[in-house]
Amino acid sequence: MATSLIILAAGKGTRMQSDLPKVLHKVAGAPLLIHAMSSAAALEPEKTVVVTGHSADLVEAAARGWSDAVDVVLQAEQLGTGHAVLQAKDALSGFDGDAIVLYGDTPFIRPETLEAMIDARAAHDIVVLGFEAADPGRYGRLVVEGDALQKIVEFKDADAQERAIPLCNSGVICAKADVLFDLLDAVGNDNAAGEYYLTDIVGIARGKGLSATVVRCDEAETMGINSRAELATAEATFQARARAEAMANGVTLHAPETVYFSHDTFIGADTVIEPNVVFAPGVTIENGAQIRAFSHLEGCHVSRGGVVGPYARLRPGTELAEDVKIGNFVEVKNAVLDTGAKVNHLSYIGDAHVGARSNIGAGTITCNYDGVFKHKTTIGRDVFVGSNTMLVAPVTLGDESMTATGTIVTRDVPEGDMAVARARQENKAGFARRMFEKLKAKRAKATKET
Ligand code: UD1
Ligand code: CA
């Protein structure tokens, strides 16, 4: 049966103390909302409906930025989770399959868990994701009898006996979409919070002879973010998981706790990662590369055998072919380096193409920006760029060409030629010695006088 998602993201998140809506705060470089949407994407949902409210325009833009196939509906007033889900009714009219309700502030639900819920749906009308909480606190409680879920009681409305139940509601619910909306039409707001509770559908369904059950997951999966402290905990949880996963996949981490991954980092086996490396979003590394200490990578691709760092910065649009070496204090942006190219020290390579096996000397800069426009530097194969060359783009160095150290290149260099553009050296015979003697005499006179 087809599946659709309803993602609740209307809340403000007052405890974040932020102008940004809660679901747009980031973990591992991606908004919480995107974590929720992408783990559920494994179900290949027919439709994804995001319910917005606070800062609706920002939340909508983030959702559409992730996939332009999402439906976005507005919940103008936040009257409760049941009311929020009802806002998706029109967007799902005519959809004849299961709907799964997820929260935009709950980033770690695993796809396998959602699949288990779908499986359980085959035998029950409603499936609720529950967990045994270490501290059940103010979570809604699941009242079960054997396999059957009888009802969900919100903490505020629960009696002492119900509050003693350790099994809690995660908020994730799965039911056939038309059944879900029919049940929600019957939900009122006569409760302690004066809200339309999504959770009430379970009791209503049971009263109508429908069945409900619970799928259980680990508490870590259902962690919702309500404060900056919880955001930091979520980040730590994500990083711990990403480090363990990388090592399980064959990546060596010399000091795992100092390496930071993004939600989409991909690293091949037999890659070695030294301490204090940050992978910002959009990085892919092929097998057998080496990322040395204190490097920062973002939006880039490193091929087999590549060596990056120590102290390197790869910015978006960097494409390194096999066996490329990027050394210390080198910044690369929007540049393609072909097989075996080397930029070993203290250089800036931006908006450029560097051909195979070319060597870029220390202190080389592609002067790519004229204050208004960006320009491209093209370097052929087997080129030797002398140290401290300024490449004033747009400019091209032909294959097997060369630049002399200290050259400012303002015109193209043909294949096989060498460019020299610097003042010719003159040696003044004995000048230095005479100068030193004069200065030392002056110093001797000055110390005597004081
Ligand atoms: C809810 C559940 C509770 C469960 C807990 C798990 C209900 C009534 N209660 O309680 O059983 O244990 O989650 O964390 O469902 N939202 C909207 N519009 C609204 C109200 C909420 O979009 O009108 C969104 C919020 O932004 C949030 C989510 O729904 O992402 C949950 O709402 P929240 O108010 O945090 O529910 P809880 O009281 O925590
Ligand atoms: Ca909550």
Side-chain angles (χ1 to χ4, degrees), residues 5-16 18 20-25 31-33 35-37 40 49-56 58-60 63 72-88 100-109 126 128-143 149 151-158 162-163 165-173 175 180 183-184 187-204 212 214 216-217 219-227 230-231 234:
L5 308 173
I6 301 170
I7 301 185
L8 306 190
K12 180 174 189 302
T14 312
R15 282 198 281 150
M16 294 301 283
S18 176
L20 201 62
K22 178 163 73 171
V23 293
L24 296 190
H25 283 265
L32 297 171
L33 175 66
H35 283 272
M37 290 169 77
V49 186
V50 177
V51 181
T52 63
H54 282 280
S55 306
L58 294 179
V59 176
E60 175 165 357
V72 179
V73 298
L74 181 70
Q75 185 193 23
E77 258 187 297
Q78 281 70 63
L79 303 179
T81 49
H83 179 257
V85 173
L86 260 183
Q87 308 311 306
I100 296 189
V101 178
L102 295 165
Y103 295 168
D105 63 359
T106 304
F108 295 140
I109 310 264
I126 298 180
V128 171
L129 184 63
F131 62 102
E132 298 264 350
D135 169 17
R138 303 184 62 79
Y139 285 117
R141 303 300 207 270
L142 302 183
V143 181
L149 175 63
K151 61 172 179 173
I152 307 178
V153 196
E154 286 308 292
F155 178 82
K156 280 184 185 168
D157 304 289
E162 289 162 339
R163 286 181 179 187
I165 298 173
L167 187 61
C168 296
N169 175 29
S170 70
V172 184
I173 288 188
L180 176 70
L183 293 169
L184 279 170
V187 169
N189 65 349
D190 181 17
N191 52 49
E195 287 183 3
Y196 295 88
Y197 292 159
L198 169 62
T199 46
D200 279 356
I201 65 166
V202 174
I204 296 170
V214 182
R216 293 165 201 241
C217 73
E219 185 173 4
E221 273 188 62
T222 68
M223 175 185 190
I225 313 303
N226 298 298
S227 65
E230 287 172 1
L231 190 68

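Every number for a ligand or one of its atoms is a count from 1 in the order of the listing. Only heavy atoms go into these numbers, but all of them, side chains included; no hydrogens, no water, no symmetry mates.
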- Query: Is any N or O atom of G80, backbone or side chain, closer than 3.5 Å to an N or O atom of ligand 1?
  - Reply: yes
- Query: For E154, is at least one N or O under 3.5 Å away from an N or O on ligand 1?
  - Reply: yes
- Do any N or O atoms from the side chain of T106 and from the backbone of I225 form a donor-acceptor pair under 3.5 angstrom? no
- Item | Ligand-residue contact atoms, ligand 1 with N169, heavy atoms, under 4.0 Å | 2 (C), 3 (C), 4 (C), 5 (C), 6 (C), 11 (O), 12 (O)
- Query: What pair of heavy atoms forms the shortest contact from L142 to I165, and how long is it?
  - Reply: O-CG2, 3.5 Å
- Item | Any N or O of Q75 closer than 3.5 Å to N or O of ligand 1 | yes
- Under the side-chain contact (heavy atoms from CB on, under 4.5 Å) rule, collect the residues that match up with H83, sequence neighbours excluded. Q75, L79, Q87, Y196
- Task: Can you sort out which atoms of ligand 1 are near S170, meaning under 4.0 Å from one of its heavy atoms?
- Result: 6 (C)
- Here the atoms of ligand 1 under 4.0 Å from any heavy atom belonging to A84 are 17 (C), 18 (N), 22 (O)
- Item | Selection from D105, V50, I6, V51 by shortest heavy-atom distance to atom 30 (O) of ligand 1 | D105
- Using distance alone, decide if ligand 1 has a nitrogen or oxygen within less than 3.5 Å of any nitrogen or oxygen in G171. no
- Message: Please give me the minimum heavy-atom distance between G104 and A36, naming the atom from each residue.
- Response: CA-CB, 4.4 Å
- Would one find an N or O of Y197, backbone or side chain, under 3.5 Å from an N or O of ligand 1? no
- May I ask you to list the atoms of ligand 1 that are less than 4.0 angstrom from any heavy atom of T199? 7 (C), 8 (C), 11 (O), 15 (O)
- Query: Which atom pair, heavy atoms only, marks the closest approach of K151 to V153?
  - Reply: CE-CG2, 3.9 Å
- Which ligand 1 atoms, with their elements, are less than 4.0 angstrom from a heavy-atom of G140? 3 (C), 4 (C), 11 (O), 12 (O)
- Task: Would you name the heavy atoms of D105 and P107 that are closest together and state the gap between them?
- Result: O-CD, 3.4 Å
- Item | Minimum-distance pair of heavy atoms, taken over all atoms of R15 and N226 | CB-O, 3.1 Å
- Message: Using a 4.0 Å cut-off to any heavy atom of L8, which atoms of ligand 1 qualify?
- Response: 22 (O), 24 (C), 29 (O), 30 (O)
- To the nearest 0.5 angstrom, please state how far the CG atom of L102 sits from the CE atom of M37. 10.0 Å
- Query: Looking at F155, is R163 sitting on its ring face, NZ or CZ under 6.0 Å from the six-membered ring centre and within 45 degrees of the normal?
  - Reply: yes
- Note on the structure: Under 4.0 Å from one or more heavy atoms of T81, ligand 1 contributes atoms 7 (C), 8 (C), 15 (O), 20 (C), 21 (C), 29 (O), 31 (C), 32 (O)
